[in-house]
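Structure, as structure tokens:
Side-chain atoms are counted along with the backbone in the values below, which use heavy atoms only and exclude waters and symmetry mates.
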Amino acid sequence: MAASAPTPRATGSQVEGRCGYYVAKKKRFCRMVAAAGKRFCGEHAGAAEGESARKRILCPLDPKHTVYEDQLAKHLKKCNSREKPTPDFFVQDINAGLKDETEISEQLVPISSLSEEQLENLIMKLKKATEGLNSTLRDQIMSHPALHDALTDPKNGDSATKHLKQQVDGKHRKKNAVFERLQIDIQHLCLNKIPVLSREKLPVVGIGKHLCGVATDLALRCLVGACGARGEEGNEEPAAKRMKNDTADRETPAVAEEGSYGTVPEQCSPVAGIVIALCCHHRCDWRHYVGREHFRALGLGALEFHYFQRMSSWATCGLRDVPMEVLGGPVRRGDPGADSEEHDGGGHPVTESHAESPPGCLTVEEKKEVGRLCKLLIDHGRAEYLRRHGFRPALQRYTEPAVSPENVLLTAVPHRPCPAPGASA
């Protein structure tokens, strides 16, 4: 393979010590380091003029890169794509929910295929289930003194200020602090088996900024699982206690004043607190959702959850009316041109096509309200889950809608936290 010559449209020139191979597709020279005395990097060594090229082959673990054939065995031992040992804290599906015995997929149809009567019936169920819940959602907009200088710095534009109002996580890194990053799917993370936590008996604080949909449920089950052995459906308490608490569920609001939380597990909790900014409810999943028991107590199930989950995007999707020519027919009230939900940070936008639009019986404002109630109900089920497992949960708006439309925060502290290491109980 001969080295390509730079074209007039080349951007930049070859950097000293770097590979001299010109990548035509990227219109620049390769940026890999070349060995001392060599013109090309190992990947492009075959392009060297007059050099007896050794044969390079595709790596069997990752065909995106090549390796010298006579060094394959050595490469496989250190290739970044090799299978790595499973850490002790990896437990397959420990935080996953359980599938229902009966499947409902055959009953599911697009929202646009529902009749007005079916949609009205769903909305009636939603309003009944969320009756009185609005009062549980409070405004709690706070700011830490550590951010004062940054927030008032005229060099910071609107975008930087917007992010600063939502996070302080980059401000607590200090020279002597110890950080350990665990690269693992939350679905398989067992907190009790993380060496530093089990060895030092350290308290755990779960913090999540916009944990999209199902990730929130997996994280909650992970944190609750650290408080005891898991049971069926992720229930960590005995059946008799669950029955007693289920009765309390119907009598006591999930997010009430301190002291009204009913029966809680007697053992102390190693989880000192939970703070999760909620978002992307359209990415929730009934199998993993932690509020399934609460839904069932309200006479709701997987079918209703599916539609509430889909309709939740109406709360933040920026609805617009669309012209008749776009729809190819009469304009119906509330039809969106480009329904989309996107939380701050650009995570996972959802764009609902016209096929997910409802029958033409709702105005734009009515759709937004339905979407908001869907989110509230899903989040309330999560708060109930935490309450049943010994936590005092709360749902609150942590920032203005103008900063982020996904501005609801789920917080929780244990009813009985474990004492810090070295402290008396």
Go through Phe308 and Leu300 one step at a time and tell me if the side-chain contact (heavy atoms from CB on, under 4.5 Å) criterion holds. CA-CA 11 Å; Phe308 294 164; Leu300 305 172; 4.0 Å; yes
Using every non-hydrogen atom in the two residues, find where [X] and [Y] come nearest and quote the distance to one decimal.
{"X": "Leu386", "Y": "Ala412", "result": "CD1-CB, 3.9 Å"}
{"X": "Ala272", "Y": "Pro203", "result": "CB-CB, 4.1 Å"}
{"X": "Val271", "Y": "Ala226", "result": "CG2-CB, 4.2 Å"}
{"X": "Leu58", "Y": "Pro63", "result": "CD2-O, 3.5 Å"}
{"X": "Ala215", "Y": "Ile186", "result": "O-CD1, 4.4 Å"}
{"X": "Cys30", "Y": "Cys41", "result": "SG-SG, 3.9 Å"}

Determine whether [X] and [Y] make a side-chain contact, defined as any pair of heavy atoms from C-beta on separated by less than 4.5 Å.
{"X": "Thr316", "Y": "Cys279", "result": "no"}
{"X": "Ile274", "Y": "Pro393", "result": "no"}
{"X": "Tyr289", "Y": "Ile378", "result": "yes"}
{"X": "Val275", "Y": "Tyr398", "result": "no"}
{"X": "Ile194", "Y": "Leu189", "result": "yes"}
{"X": "Lys26", "Y": "Arg31", "result": "no"}
{"X": "Asn192", "Y": "Leu197", "result": "no"}
{"X": "Leu191", "Y": "Cys222", "result": "yes"}

Partner set under salt bridge (Lys or Arg N to Asp or Glu O under 4.0 Å) for Arg82, not counting sequence neighbours: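 Arg82: no salt bridge (Lys or Arg N to Asp or Glu O under 4.0 Å) contacts found.
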Can you list the residues that meet the salt bridge (Lys or Arg N to Asp or Glu O under 4.0 Å) rule with Glu120, with sequence neighbours excluded?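 None.
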Return yes if a side-chain donor-acceptor contact under 3.5 Å exists between Thr411 and Gln396, otherwise no.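 A donor-acceptor contact under 3.5 Å links the two side chains.
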side-chain hydrogen bond (donor to acceptor under 3.5 Å, both in side chains) partner of His281, chosen from Gln309, Arg310, Lys375: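 Only one of Gln309, Arg310, Lys375 forms a side-chain hydrogen bond (donor to acceptor under 3.5 Å, both in side chains) with His281, namely Lys375.
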Do other residues, nucleotides or ligands put more than 12 heavy atoms under 6.0 Å from the CG atom of Asn121?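 Atom CG in Asn121 is crowded, with more than 12 foreign heavy atoms closer than 6.0 Å.
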Is the count of non-hydrogen atoms from other residues, nucleotides or ligands lying under 6.0 Å from Lys77 atom NZ greater than 12?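 At most 12 heavy atoms, drawn from other residues, nucleotides or ligands, come within 6.0 Å of this atom.
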One pair to check against side-chain contact (heavy atoms from CB on, under 4.5 Å): Cys79 and Cys59. What are the steps and the verdict? CA-CA 9 Å; Cys79 179; Cys59 173; 3.9 Å; yes
Exam field: side chain [X] to backbone [Y], donor-acceptor pair closer than 3.5 Å:
{"X": "His389", "Y": "Tyr385", "result": "yes"}
{"X": "Asn407", "Y": "Thr399", "result": "yes"}
{"X": "Glu304", "Y": "Gly301", "result": "yes"}
{"X": "Thr130", "Y": "Leu133", "result": "no"}
{"X": "His188", "Y": "Gln92", "result": "no"}
{"X": "Glu384", "Y": "Gly291", "result": "no"}

Between Glu131 and Lys128, is the closest basic N to carboxylate O distance under 4.0 Å?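 Answer for the salt bridge query: no.
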Taking Arg372 first and then Glu369, would you say they form a salt bridge - that is, a charged N and a carboxylate O separated by under 4.0 Å?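 Judged by the 4.0 Å cut-off on N to carboxylate O distance, Arg372 and Glu369 do form a salt bridge.
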With sequence neighbours left out, what residues match His306 under ring-ring contact (aromatic ring centres under 6.0 Å, His included)?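 His306 satisfies ring-ring contact (aromatic ring centres under 6.0 Å, His included) with no residue once adjacent residues are dropped.
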Evaluate the ring planes of Tyr22 and Phe29, with Trp represented by its six-membered ring, and classify them as parallel (under 30°), tilted (30 to 60°) or perpendicular (over 60°).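 Perpendicular.
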Angle class for the Phe295/Phe305 ring planes (parallel below 30°, perpendicular above 60°, tilted otherwise)?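 Because their plane-to-plane angle is over 60°, the rings of Phe295 and Phe305 count as perpendicular.
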Could you please spell out the steps behind the side-chain contact (heavy atoms from CB on, under 4.5 Å) verdict for His75 and His65? CA-CA 11 Å; His75 172 79; His65 66 275; 3.1 Å; yes
Rounded to the nearest 0.5 Å, what's the gap from [atom1] on [X] to [atom2] on [Y]? Could you check?
{"X": "Ser312", "Y": "Leu376", "atom1": "OG", "atom2": "CG", "value": "12.0 Å"}
{"X": "Lys209", "Y": "Leu409", "atom1": "NZ", "atom2": "CG", "value": "11.5 Å"}
{"X": "His288", "Y": "Asp93", "atom1": "NE2", "atom2": "CG", "value": "7.5 Å"}
{"X": "Ile184", "Y": "Phe89", "atom1": "CD1", "atom2": "CZ", "value": "5.5 Å"}

Go through it in stages, so that I can follow the logic: the residues are Ile111 and Trp314, the test is side-chain contact (heavy atoms from CB on, under 4.5 Å), and I'd like the CA-CA distance, side-chain angles, deciding distance and then a yes or no. CA-CA 12 Å; Ile111 294 176; Trp314 296 349; 4.0 Å; yes
Within residues 116-135 or reaching into it, pairs that qualify as ring-ring contact (aromatic ring centres under 6.0 Å, His included) - sequence neighbours excluded: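 Qualifying pairs, neighbours excluded: none.
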Who pairs with Arg18 by side-chain hydrogen bond (donor to acceptor under 3.5 Å, both in side chains), at least two apart in sequence or on another chain?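 With neighbours one apart ignored, the set is empty.
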List the residues meeting side-chain hydrogen bond (donor to acceptor under 3.5 Å, both in side chains) with Asp217, not counting sequence neighbours, and say none if there are none.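 Residues passing side-chain hydrogen bond (donor to acceptor under 3.5 Å, both in side chains) with Asp217: Arg382.
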If the test is side chain to side chain contact (heavy atoms under 4.5 Å, CB included), which one of Leu410, Ile276, Leu278, Leu218 qualifies with Leu211?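 Considering Leu410, Ile276, Leu278, Leu218, a side chain to side chain contact (heavy atoms under 4.5 Å, CB included) with Leu211 is found only for Ile276.
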